[in-house]
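So that we are looking at the same thing, I have put the structure below in structure tokens.
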There are 2 protein chains.
Amino acid sequence: MAPETLSSLDRSTLRERALHALRTAILAGQYRPGDHLGEVELAGRLGISRGTVREALRHLQQEGLLVPAARGMLQVHRLSPTEVRELYEVRAALEGLAVAGVIASAGREQAVEELRQALIRLDRAAGDFAAQVEADLAFHLLLCELSGNSMLVRTWRHLEGPIRVTVMSVGDERRRLPMSAARHEPIVDAVERGDEAGALEVLRSHMALAAAQLAGPGDQN
Amino acid sequence: MAPETLSSLDRSTLRERALHALRTAILAGQYRPGDHLGEVELAGRLGISRGTVREALRHLQQEGLLVPAARGMLQVHRLSPTEVRELYEVRAALEGLAVAGVIASAGREQAVEELRQALIRLDRAAGDFAAQVEADLAFHLLLCELSGNSMLVRTWRHLEGPIRVTVMSVGDERRRLPMSAARHEPIVDAVERGDEAGALEVLRSHMALAAAQLAGPGDQN
DNA sequence: CGGCTGATGACTGTTGACACTCGGCCGGCC
DNA sequence: GGCCGGCCGAGTGTCAACAGTCATCAGCCG
């Protein structure tokens with residue numbers, strides 16, 4: 001007995017699946033910043049009840065993907081250039097802590113190895129914008145995870161929503177974001193050398209560059 | 001006409017009021033870490049329906065005050081000593097960014113003034129543990145706000161839940177937390193001098209001390 | 001013409017009921 | 001005795017219906 005064709009069933013709740021579906025749709029750009037998400041329409045489209053959709057929407061609101069609009073409605077978050085810059089400053093601070101953690105950790109060598117593999121995956125994604133974003137974020141998340149600080153990972157994840165919305169919603173014209181493997185290599189190099197100050201410096205300029213690219217050309221508001 | 005006795009009505013939804021009530025109860029220690037929060041019981045106690053309670057509970061889950069337990073139930077988050085230490089490392093990184101922001105900002109003088117007033121309020125709270133916690137967190141939040149980085153404030157707020165649960169749930173025996181005004185003064189002093197490195201150093205040791213106090217005596221798990 | 005007043009449609013807020021799952025208990029059957 | 005089965009009880013998951021709120025607009029009246 002025990003046929004191998006029987007795999008474990010999907011135990012996720014409708015709420016979780018709706019959450020995932022909505023998040024994916026938003027991050028894929030199917031809804032643009034400022035778009036309104038109505039409970040009734042989504043419930044009909046997903047084939048589930050309004051209450052369940054509602055829970056998923058509230059979750060996304062706390063994730064920072066949605067913001068309250070007039071009359072209790074929700075819409076996709078649109079970050080101002082200032083917020084984008086602030087966002088990337090916070091990222092720099094968090095990933096700075098991650099770098100320090102990795103350098104101080106016992107398994108630094110293996111961590112460097114894993115980071116290098118992430119860079120290879122990043123390189124392979126060249127050409128496909130979505131895949132590149134995926135690989136880029138995966139690299140930075142890996143950096144946090146390798147620090148061994150679970151609260152840091154949780155905090156970083158909390159910023160992931162706004163980051164993705166921002167990155168995905170830039171116009172096609174200036175998608176020359178600093179996501180190439182070459183841009184990330186100096187970070188890994190500095191970690192390998194155990195050069196914390198150098199890594200921080202590289203990281204900070206990396207973030208500043210991305211922020212400038214995403215926030216738009218020079219305007220200060 | 002226009003009698004001044006008519007004030008604006010309370011426009012908050014039931015969900016928001018339930019959320020506030022539950023958060024307050026948890027942070028007041030009315031529910032201890034590990035306690036189970038059942039929808040039916042809470043709905044009955046608050047006099048509202050389960051669905052509404054549910055939304056509030058999910059919100060608190062995302063805030064980090066509640067964590068999933070067996071069979072989809074929720075219970076008050078109990079942070080391990082390791083998590084406490086990690087939490088305070090992240091805090092140090094974030095508030096380090098805040099300090100840098102305040103020092104770099106144009107209104108540094110006025111910021112220092114506001115921080116000094118917060119210290120005075122902290123001093124006045126001496127003796128009353130709950131008030132002291134309140135004043136202490138208010139000081140640190142103010143620090144973030146004065147940096148002018150709204151994303152930083154949002155991120156810090158995201159950690160506020162776990163911080164409060166941890167601080168409030170320590171036994172009475174070792175409530176000698178480094179919350180006195182004297183402990184915070186060096187931070188403000190360094191900011192006033194524009195000494196970023198010094199401020200970071202003070203901040204880091206401040207956090208390390210608090211983490212050690214909260215995480216318990218020396219155990220490493 | 002200008003302002004007030006209802007009707008209307010499109011939403012979200014809230015609720016009570018029903019469905020389902022899980023763990024524990026108990027009784028019968030080998 | 002040990003095990004298998006079904007039967008609770010306590011939870012959460014999901015839903016459909018009802019209620020309330022708000023912006024809009026047509027119509028009325030001064």
Side-chain angles (χ1 to χ4, degrees), chain A residues 1-2 6-23 25-26 31-78, chain B residues 1-2 6-23 25-26 31-78:
Chain A
M1 56 157 68
L6 246 49
S7 64
S8 172
L9 295 176
D10 179 12
R11 308 269 308 144
S12 65
T13 65
L14 269 185
R15 178 180 61 83
E16 291 172 310
R17 275 174 277 175
L19 176 59
H20 184 256
L22 290 174
R23 186 165 30 211
I26 294 172
Y31 294 93
R32 314 285 307 188
D35 280 4
H36 161 59
L37 276 76
E39 294 178 1
V40 280
E41 183 205 330
L42 295 175
R45 194 170 302 201
L46 294 171
I48 60 179
S49 82
R50 263 184 58 218
T52 307
V53 168
R54 191 190 182 74
E55 285 187 55
L57 288 176
R58 289 257 117 87
H59 193 110
L60 291 172
Q61 179 184 353
Q62 258 185 301
E63 275 188 17
L65 260 62
L66 303 179
V67 290
R71 302 215 323 263
M73 295 191 263
L74 294 173
Q75 62 181 33
V76 179
H77 192 175
R78 185 202 311 267
Chain B
M1 54 154 75
L6 247 47
S7 64
S8 173
L9 295 176
D10 178 14
R11 307 269 307 143
S12 64
T13 64
L14 269 185
R15 178 181 60 83
E16 290 171 311
R17 275 175 277 176
L19 176 60
H20 184 256
L22 289 174
R23 184 164 32 211
I26 294 172
Y31 294 92
R32 315 286 305 190
D35 280 5
H36 162 60
L37 276 77
E39 295 178 0
V40 280
E41 184 206 330
L42 295 174
R45 195 170 300 202
L46 293 171
I48 60 180
S49 80
R50 262 185 58 216
T52 308
V53 168
R54 191 188 182 74
E55 286 188 55
L57 288 177
R58 289 257 115 89
H59 192 110
L60 292 173
Q61 179 184 352
Q62 258 185 302
E63 275 188 17
L65 260 63
L66 304 179
V67 289
R71 303 220 315 266
M73 295 192 262
L74 294 173
Q75 62 181 33
V76 179
H77 193 173
R78 184 203 310 266

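Here is the naming used below: chain letters follow the sequence lines, and residue numbers restart at 1 for every chain. Side-chain atoms are counted along with the backbone in the values below, which use heavy atoms only and exclude waters and symmetry mates. None of these values were measured; they are calculated from a predicted model.
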Note to self: Let me spell it out: for each of A:R50 and A:L14, pick the nucleotide of DNA chain D with the closest heavy atom. Which residue's pick is nearer the 5' end?
What the structure shows: A:L14
Note to self: Go nucleotide by nucleotide along DNA chain D from the 5' end; which of A:R71 and A:T13 gets its closest nucleotide reached first?
What the structure shows: A:T13
Check: What nucleotide among C:dG13, D:dG13, D:dG11 has an atom nearest to a side-chain atom of B:R58?
Finding: D:dG13
Next item on the list: For C:dG13, take OP1 and OP2 only and decide whether either is under 4.0 Å from a side-chain N or O of B:R15.
Entry: no
Item checked: Rounded distance in Å - CD (B:E55) to P (C:dT12) -> 12 Å
Checklist line | d(CG, B:L37; C1', D:dG11) in whole Å | finding: 13 Å
Next item on the list: Check the distance between D:dG9's C1' and B:E41's CD and give it to me in whole angstrom.
Entry: 16 Å
Notebook entry, point to check: When you look at NE2 of B:H36, are more than 12 heavy atoms from neighbouring residues, nucleotides or ligands closer to it than 6.0 Å?
Noted result: yes
Notebook entry, point to check: Once you round it to whole Å, what is the distance between C1' of D:dT14 and CG of A:L46?
Noted result: 14 Å
Checklist line | Nearest listed nucleotide, side chain of A:S49, among D:dC15, C:dT15, C:dA17 | finding: D:dC15
Note to self: If you compare every side-chain N and O of A:R11 against the phosphate oxygens of C:dC22 (OP1, OP2), does one of them come in below 4.0 Å?
What the structure shows: yes
Notebook entry, point to check: Shortest non-hydrogen contact from B:L46 to B:A21?
Noted result: CD2-CB, 4.4 Å
Checklist line | Separation between CZ of B:R58 and CG of B:L60, rounded to the nearest 0.5 Å | finding: 11.0 Å
Check: Rounding to a whole Å, what distance do you find between A:L74:CG and C:dT12:P?
Finding: 8 Å
Notebook entry, point to check: For the pair made of CD in A:E39 and C1' in D:dA16, what is the distance, rounded to whole Å?
Noted result: 14 Å
Item checked: Distance in angstrom units between A:L19 CG and D:dG13 P, rounded -> 14 Å
Check: Any side-chain N or O of B:T52 less than 4.0 Å from the OP1 or OP2 oxygen of C:dG13?
Finding: no
Note to self: Using a 4.0 Å heavy-atom cut-off, does A:G51 contact any base of the nucleic acid, only the sugar-phosphate backbone, or nothing at all?
What the structure shows: nothing
Next item on the list: Starting from C1' on D:dA16, measure out to CZ on A:R54 and report it in whole angstrom.
Entry: 14 Å
Check: Out of D:dC15, C:dT12, D:dG13, which nucleotide sits closest to the side chain of A:M73?
Finding: C:dT12
Note to self: Treating A:R17 as the side-chain partner and A:S12 as the backbone partner, does any N or O pair qualify as donor plus acceptor under 3.5 Å?
What the structure shows: yes
Note to self: I'd like to know if the side chain of B:H77 reaches the main chain of B:P33, judged simply by a donor and an acceptor atom lying under 3.5 Å from each other, with no hydrogens or angles considered.
What the structure shows: no
